[in-house]
2 protein chains.
Amino acid sequence: MLQKPTIKDIARLAKVSSTAVSMALNDRSGVSEKNREKIKKIAKDIGYQPNYIAKALISRRSQSIGLIVNYIADPFYTELASGVEKKANEKGYTVVLCNTNRSRAAEKSFIDVLRARGVDGIILATVEKDDVCIQSLIEEHFPFVLINRIPMNPSFTNKFDFVVQDNFSAGYKAVEHLYRLGHDRIALIAGNLKSSTGLLKVEGSRKAMSDFRLDFDPQLVVDCGYIRSKALEAAKQIFVGMKKRPTAFFCGDDNMALGVRETILGEGLKIPQDIALVGCDNIDTASLKGIDLTTISHKTRVMGEIGTGILIDKIERTTHEMVSKIVLEANLVIRESCGYYLKGYAR
Amino acid sequence: MLQKPTIKDIARLAKVSSTAVSMALNDRSGVSEKNREKIKKIAKDIGYQPNYIAKALISRRSQSIGLIVNYIADPFYTELASGVEKKANEKGYTVVLCNTNRSRAAEKSFIDVLRARGVDGIILATVEKDDVCIQSLIEEHFPFVLINRIPMNPSFTNKFDFVVQDNFSAGYKAVEHLYRLGHDRIALIAGNLKSSTGLLKVEGSRKAMSDFRLDFDPQLVVDCGYIRSKALEAAKQIFVGMKKRPTAFFCGDDNMALGVRETILGEGLKIPQDIALVGCDNIDTASLKGIDLTTISHKTRVMGEIGTGILIDKIERTTHEMVSKIVLEANLVIRESCGYYLKGYAR
DNA sequence: CTGAAAGCGCTTACAG
DNA sequence: CTGAAAGCGCTTACAG
C-alpha cells in the first residue's frame, strides 16, 4: 500500500507549520488568507485525505456509532438498520453493524468491543427484561439509545432514552379485531417473553381478552422467540395436541405469522375461512397477494431514524441531560387473513 | 463520560514502565513472569480496556472492514451481509455497513470515507460494468474484494479478487427449464444491465434461446434495476402494450419476480396455468406456500462468508500476491410457479 | 498571523 | 528483564 500524504507533507510543500495546515484545512482562524488558499490547493493537488484515526485519538470522537441487533437477516431488523444507516450518514456518522444471533453473551461482548473501538455511541435493539449491560452504560454516562425494546426493570426508570412502538396497544388491537370477528379462542404465538416487545403484546392481548370477557388459556401462549421455525412447530403442537383448537392466531411478528401460516395451510385448513391469522410489523411480504396478512403496522424504519437522531444529539451535546422517551403508535392493517372483508364484524 | 484507565495508570499502580505493561498485556516476551502477572491482575481489577484507536494509529490496522451494498433492505443483501458479519466477527473484525441506495456517487464517497476512517479492507458488492472506483483501489494496492458483481472491463483482468455466482448459467438454466416446459416466448425482467449479474443472466438466457432456436424479441428484455416496483410496472406494460404476450417470465431476482407476480395475479391470470414465472436467488419468501416460486438457488450467505475470508487473508498477509476468483454454482430449484409438477417437461 | 512544543494512548526500537 | 525516548497523524494551548 502506498503511503498516504499527511499534514506534514503539506506543511513542507507549503513552507508553513503543521499548525497552519491544520487550521486551514479545518476552516479555523489563525492563518492568513494567502496561506490558507495555498494550503488548500496543495492538499487537493496531492489528494490529501485526513486521517480520522488520528483525529479520533485527539478529539475522542470517531464519528461512528454501533448498532446491535439480534438477527440482521430478519426483515424487521433490516428495516430498522436501513433507517439507522440513513440518518447516521446524513449526520456524517458511520455505522458499525453487530449481529448477536440472539445471544446475550454476544450482546455484552459487542458493547465492549464497540467501546474499545471508540464508537461515539451505541444503539441497542436487543435488550431484555433485566438487562445488565445498560446498567454500566448508564453509570459511565456512555451515550446510548434503546430502539424497539426497553428493559422492564423499574430501577432503571428515567435513566435512558428510547424509541419504541406501542406493543401493548398492538396486542390489544389484534385481539379486539379477532374478538369482533367472532373469535373466542385465540392462540398467542409470542415473541421472546423476556423482551418488552414480546411481553407487552401478550399483556395487551390479555387485557383485551379480559375486557371482552374471553377465557384465557395459558396453554395458548407460546414463546417462540421471533423465530419462524419455532412458530411453525408451536402451531403444529397446538393442532396435534389440543382437543379444543383455537380459531385464531395472533403472532408477535409477521415472520412468525408466516410460519404459522405454513402449518395452517399444511393441515389443509384455509385462511381465513377456517383459521384467522394476525401478524405484527407489516413487513414487505405481508402485503403480497395470496399472503394478504392482517397485521399491526409499525413504522420500523422511522423508528430507526428517530433513535439515531436522538443518539447523535446526545453525543454532540454531552451536557444536555434531557431524556427522550418516544412511543410510536401501532395501527391495525386489515387484509384478508381474518375474514373482515368476507363478513365484517360480528360484534 | 468517565475517564477510562490507560496503560499509564496501570504502569503507575504496578510501578513499572508503560513498555512493560504493553508487553505483558500483549503476551509478548520482555517482562518477568512476576511483573506480567502483577500487571494483568491490575489491568483486570481496574477494568482496563485497550484503546483500539491508539493501537490503530500505530499498527495501521483498525481490525475493521467496510461493506458497501446497494440496498440493505433487499433480502439478498441482508443474506450477504449476515455472511460477511459472521465471518468477520469470527476473525476479530468489525464491519462498517454502507448502504448506497444504488447511487454511484455514494459508492465513491463511501470508499473515500471508509479509507479515511481507516478500515483495513473493503467489500464491494455494488460495482458496475465500467466501474472507476476499483481502478484507484488497484493502483494503491488497497485490499478489497468484489462480492457478487465484477466489472466487465477487460483491462482489469486478473487484478482483483472476487467471489460471484454463476449468473450466465443461472440465466441459461432458467430459460432451459421454461423451454422444456413448452414456452416459446419468454420475457426477461432483467436486473441492472450495467452490472455483471444483470448482464450475464441475460446473456445466459439468450444463449439458451439460441441453442433451443427460440426467437429473441428485444422488446421482451426490460432493465428493472432489481427494484420490485419497476418489475411490477414493466410487467404491466408488457400485458397492456403487447399483442403477442409472453407466456413466461424470467426475473433477475426473486424480489422482482414477486413484483411481476403481483401484476400477473392482478390481471386475473393464474400461475402457472396461464403464466410461468422464474426468479433468482431463492430468498426466504420464495418457498412460502402460495408463493412457491421456482428459482435459481444462490448460496448468498456463503458467498458473503467466502468473500470476507478472502479479504481478511489479503489484509493479514500483504505480501501474498495470489488472487482468488471464485464462481459458485447456480442450481435450479423447481417449485410450483412453472407447472413442472402439473405436467412435467413437454420437450 | 506564525510555529515550536506537548499530547491523545499506544508500540517499537534501543540502550542499560 | 527494564525503562526512557521517539513516533503514529493530528490538534491545541502557548509564546513570539
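Each chain gets a letter, A, B and so on, in the order the sequences are listed, and its residues count up from 1.
- Taking the ring axis of A:Y52 as reference, the NZ or CZ atom of A:K55 stays within 45° of it and closer than 6.0 Å to the ring centre.
- The main-chain N or O of B:E316 is never found under 3.5 Å from a side-chain atom of B:R61 such that the two would form a donor-acceptor pair.
- Separating the NZ atom of A:K4 from the C1' atom of D:dG9 is a distance of 13 Å, rounded to the nearest angstrom.
- A donor-acceptor contact shorter than 3.5 Å is absent between the side chain of B:N35 and the backbone of B:V31.
- Each of C:dT11, C:dA5, C:dG9 was ranked by its minimum atom distance to the side chain of B:S18; first place goes to C:dT11.
- Look at NZ on A:K55: it is 13 Å from C1' on D:dT12, rounded to the nearest Å.
- To the nearest angstrom, C1' of D:dC10 lies 14 Å from CD1 of A:I39.
- Comparing D:dG3, D:dC8, D:dT12 by their closest approach to the side chain of A:S22 singles out D:dT12.
- Less than 4.0 Å separates DNA chain C from at least one heavy atom of each of the following residues of residues 24-33 of chain B: B:N26, B:R28.
- Between the C1' atom of C:dG7 and the CD1 atom of A:I7 lies a distance of 14 Å, rounded to the nearest Å.
- Across all strands shown, C:dG3 forms a Watson-Crick or G-U wobble pair with D:dC14, both key distances being under 3.5 Å.
- Between the side chain of A:D9 and the backbone N or O of A:L13 there is no donor-acceptor pair closer than 3.5 Å.
- Nucleic acid contact for A:Y48: sugar-phosphate only, since backbone atoms but no base atoms lie under 4.0 Å from a heavy atom of the residue.
- When the P atom of C:dC10 is taken as reference, atom CZ of A:R60 falls 10 Å away, rounded to whole Å.
- Cation-pi contact between B:K314 and B:F144: absent, since separation from the ring centre below 6.0 Å together with deviation from the ring axis within 45° is not met.
- One interatomic measurement links the two molecules: CD1 of B:I53 to C1' of D:dG7, which rounds to 18 Å at whole-angstrom precision.
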